[in-house]
2 protein chains.
Amino acid sequence: MATIRELARLCGVSPATVSRVFNNPEVVNARTRDEVLRAAQQIGYQPNASARTLATKKSSMVGLVWDTDHRRPGWRHPYFQEILIGLKTALSGRGYHLLLLATSEEKPEESYVHAVRRHNLDGVVMIDSGNRDPSLGYLAESGIACVSLDRPLEGPRTTYVTSDNVGGARQAVRHLYEQGRRSIATISGPAGTGPGTDRLRGYVEELAALGLSQRPEHVVEGDFYLSGGVAAMRRLLRAPEQPDAVFVAGDEMAVGALRAIAEAGLKVPEDIAVVGFDDIELAGLVIPGLTTVAQDKAGIGAAAAEAVVAMINGADAPPPQVLPTTLVVRGSSRL
Amino acid sequence: MATIRELARLCGVSPATVSRVFNNPEVVNARTRDEVLRAAQQIGYQPNASARTLATKKSSMVGLVWDTDHRRPGWRHPYFQEILIGLKTALSGRGYHLLLLATSEEKPEESYVHAVRRHNLDGVVMIDSGNRDPSLGYLAESGIACVSLDRPLEGPRTTYVTSDNVGGARQAVRHLYEQGRRSIATISGPAGTGPGTDRLRGYVEELAALGLSQRPEHVVEGDFYLSGGVAAMRRLLRAPEQPDAVFVAGDEMAVGALRAIAEAGLKVPEDIAVVGFDDIELAGLVIPGLTTVAQDKAGIGAAAAEAVVAMINGADAPPPQVLPTTLVVRGSSRL
DNA sequence: CATCTCGCTGAAACCGGTTTCATGTAACCG
DNA sequence: CGGTTACATGAAACCGGTTTCAGCGAGATG
């Protein structure tokens, strides 16, 4: 590996000048600069990232805190992949790499909190997986640029990005209303998760706005998974007044609901219309296609990247970013 | 941030001794060691990763080359997430972090090939996305520990991990045979992809082993996507002799096949049995459930981690690892 | 002509670890 | 008791960049 001193000697200049060529090109004489660049190209010089980080305390790396512990709920939501790709792409475009941090509680000394300091990470993005790990808060308080997905978090240089869960839920309910449904139930996400409570709130608000009364027995809590959707839908079908539509706070649960409805010998959308949330791949593949509230997954990743980079560059924490959702109408809600 | 010299002064020892406490504990006196550890704990000392990397040329980081360019085929296979998680988990357990590398061709100077050198990455894992980028080969030749997924690759310290695509395909065909099917067609993956050709070979081999003749019009090439599956199945249904079973080389295509079959007014599995490959989440969610050849996704990630770490630790390139597949029988193939 | 400014460059310290080599001490051996 | 050995430690060089500060020459100014 060529070093800066070798390159400097080769060009007959000092290491300082070479360094300036790469970091502050405008202060160095154009001829010198070109010559250094040409020589660098020729010998394949690459500035050593560790040395640079050591000197500047900036690593050009952003950490991703992503709890993939299989015992936790939420680790495998299928759209994480798309968010991750959006995040990676947007960060790459801004010159940052993404470092996946382990979250193992067996070895706290290898915790991501420490990794952030050891590696001089410039910022952190956290994917909420329902994990109540206090280290997350600790990280947020630590003053590092920090963006959380789907979960409000307090901290000096902290913000979060989320979809408009309330608005999306209202869209869904309004759509069902416009399709002529008047007895609209919901299968909510687990209480205590941000998206879970917000989507439920949207449901409640929109019912009120439409002048529909809200029946307690028409609200059943699910777990975001298929089996939970099946179970919740079975309960709804046993309600005194059977609903003619159901807004389900997650697509996987919604597919479960479709299944429970079929199992009961009822037809979608004739007997019961179903609208989900998230627009996972599966939504377009089941029959009938699932009407759903689409999250802008790539946009979430990109917004998180933008926010974290802005804070790295010294900006104040931007306000929480709430991305709009889009209703995708498919067969499950339209006669 | 506490440095090693501060900690050393605090304990009345030299920096060298502190360094040994963390890297070579057995050579330092037990009392000294305990005192240093206690003091380190107390002031929250964390060795600086960049300084360490600079001195040792080892970063404890493995790069992941993952081409997520949306214009390429293969960037979004839904089981990458599981492989990624398996990889990350296994690497974390061995003390390595995973660095996601950008693959942008607009800015070759930021290419992953350079990132590997700049960041002193200890090893690289590459996910094959059908990308024929020559840099991959360049990386493999460069002498870095390198593991590729699903694609054979030449290089001094290179190996690869893949599922037993031939064997899995044979399992699938044999299963169909055992279900009484005698006219077994296939929808293959794109020629030129490793899994595509291997699964086709398995199909051919097993037909021969079973003494079934192979009809050219019963082999149709797909693209691993749903729409390709639909199109391929339609062609199969127009064949002079309609098959009574189809082995489809990918689950997403298989779901497309299910759809084309339904569209033709035929029943699965009564008229045509279908077996897929991969066992993506969707396979368990469609109705009827899709019989499929399951890949051990977490195992693939773990095997890749193991191989790359072994090579990092100086081992010769281990032989390619071919992980067994499991036939998961669901409704699409069983009366 | 002396002085000031401006543009450009170099010397050297510094970032925070690791590692080699030398050294001091205590134990062991004949 | 002299010599060898093992063990534990420290001094200092080194990894490869960045950055401060000072210096130099050329052109501008008084």
Side-chain angles (χ1 to χ4, degrees), chain A residues 1-37 39-40 43-61 95 97 109 114-122, chain B residues 1-37 39-40 43-61 95 97 109 114-122:
Chain A
M1 265 298 292
T3 74
I4 201 172
R5 291 178 226 264
E6 294 178 48
L7 180 56
R9 190 153 26 79
L10 195 66
C11 299
V13 299
S14 75
T17 297
V18 175
S19 175
R20 283 187 275 255
V21 166
F22 289 101
N23 300 307
N24 237 357
E26 63 279 5
V27 308
V28 19
N29 180 288
R31 270 230 304 286
T32 319
R33 188 201 314 151
D34 293 345
E35 185 181 335
V36 170
L37 286 175
I43 67 172
Y45 168 73
Q46 295 285 333
N48 180 300
S50 304
R52 183 178 279 187
T53 300
L54 183 56
T56 60
K57 300 179 175 333
K58 296 177 197 307
S59 61
S60 295
M61 293 194 294
H97 288 286
E109 75 279 13
H114 296 139
V116 168
R117 284 176 50 194
R118 292 165 97 109
H119 289 88
N120 289 293
L121 297 187
D122 298 334
Chain B
M1 267 298 292
T3 74
I4 202 173
R5 291 176 224 264
E6 294 178 47
L7 180 55
R9 189 151 27 78
L10 195 66
C11 300
V13 300
S14 75
T17 298
V18 175
S19 175
R20 284 188 273 254
V21 166
F22 289 101
N23 300 307
N24 238 358
E26 63 279 5
V27 309
V28 19
N29 179 288
R31 270 229 306 286
T32 318
R33 189 200 313 150
D34 292 348
E35 184 181 335
V36 169
L37 287 175
I43 67 172
Y45 168 74
Q46 296 284 334
N48 181 300
S50 304
R52 181 178 281 189
T53 299
L54 182 56
T56 60
K57 300 178 174 333
K58 296 176 197 305
S59 61
S60 296
M61 292 194 295
H97 288 287
E109 75 278 13
H114 296 139
V116 168
R117 284 176 49 191
R118 292 163 97 108
H119 289 88
N120 290 292
L121 297 187
D122 298 334

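Each chain gets a letter, A, B and so on, in the order its sequence line appears, and its residues count up from 1.
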Using the test side chain to side chain contact (heavy atoms under 4.5 Å, CB included), find all partners of A:R5 that sit at least two apart in sequence or belong to another chain. A:T3, A:P15

The criterion is side chain to side chain contact (heavy atoms under 4.5 Å, CB included); which residues satisfy it with B:N29, sequence neighbours excluded? B:R31, B:T32

Using the closest heavy atom to pick a nucleotide of DNA chain D for each, name whichever of B:R33 or B:K57 lands nearer the 5' end. B:R33

Residue whose closest nucleotide on DNA chain D lies nearer the 5' end, B:E26 versus A:A51: B:E26

Looking at five pairs on each end of the helix from C:dC1-D:dG30 to C:dG30-D:dC1, what is the angle between the two axes, given to 10 degrees? 50°

Looking at side-chain heavy atoms only, is the closest gap between B:R20 and B:R33 below 4.5 Å? no

To the nearest Å, give me how far apart CG (A:N48) and P (D:dG16) are. 7 Å

Can you tell me if B:Q46 and A:R117 form a side-chain donor-acceptor pair at under 3.5 Å? no

Could you pull out every donor-acceptor pair under 3.5 Å between side chains of residues 51-58 of chain A and any protein atom, sequence neighbours left out?
residue	atom	partner	partner atom	Å
A:T53	OG1	A:A49	O	2.8
A:T53	OG1	A:K58	O	3.3
A:T56	OG1	A:R52	O	2.8
A:T56	OG1	A:K58	N	3.2
A:T56	OG1	A:K58	O	3.4

Listed pairs under 3.5 Å, donor-acceptor, residues 21-28 of chain A side chains, sequence neighbours left out:
residue	atom	partner	partner atom	Å
A:N23	ND2	A:S19	O	3.1
A:N23	ND2	A:S19	OG	3.4

Tell me if a side-chain donor or acceptor on B:N120 pairs with a main-chain N or O of B:S59 at a distance below 3.5 Å. no

Polar atom pairs between nucleotides 9-13 of chain C and protein, under 3.5 Å, N or O only, would you list them?
residue	atom	partner	partner atom	Å
C:dT9	OP1	A:T32	OG1	2.5
C:dT9	OP2	A:N29	N	3.1
C:dG10	OP2	A:S14	N	2.8
C:dG10	OP2	A:S14	OG	3.2
C:dG10	OP2	A:T17	OG1	2.8
C:dG10	N7	A:R20	NH2	2.8
C:dG10	O6	A:R20	NH1	3.3

A:F22 near the nucleic acid: base, sugar-phosphate alone, or nothing, with a heavy-atom cut-off under 4.0 Å? nothing

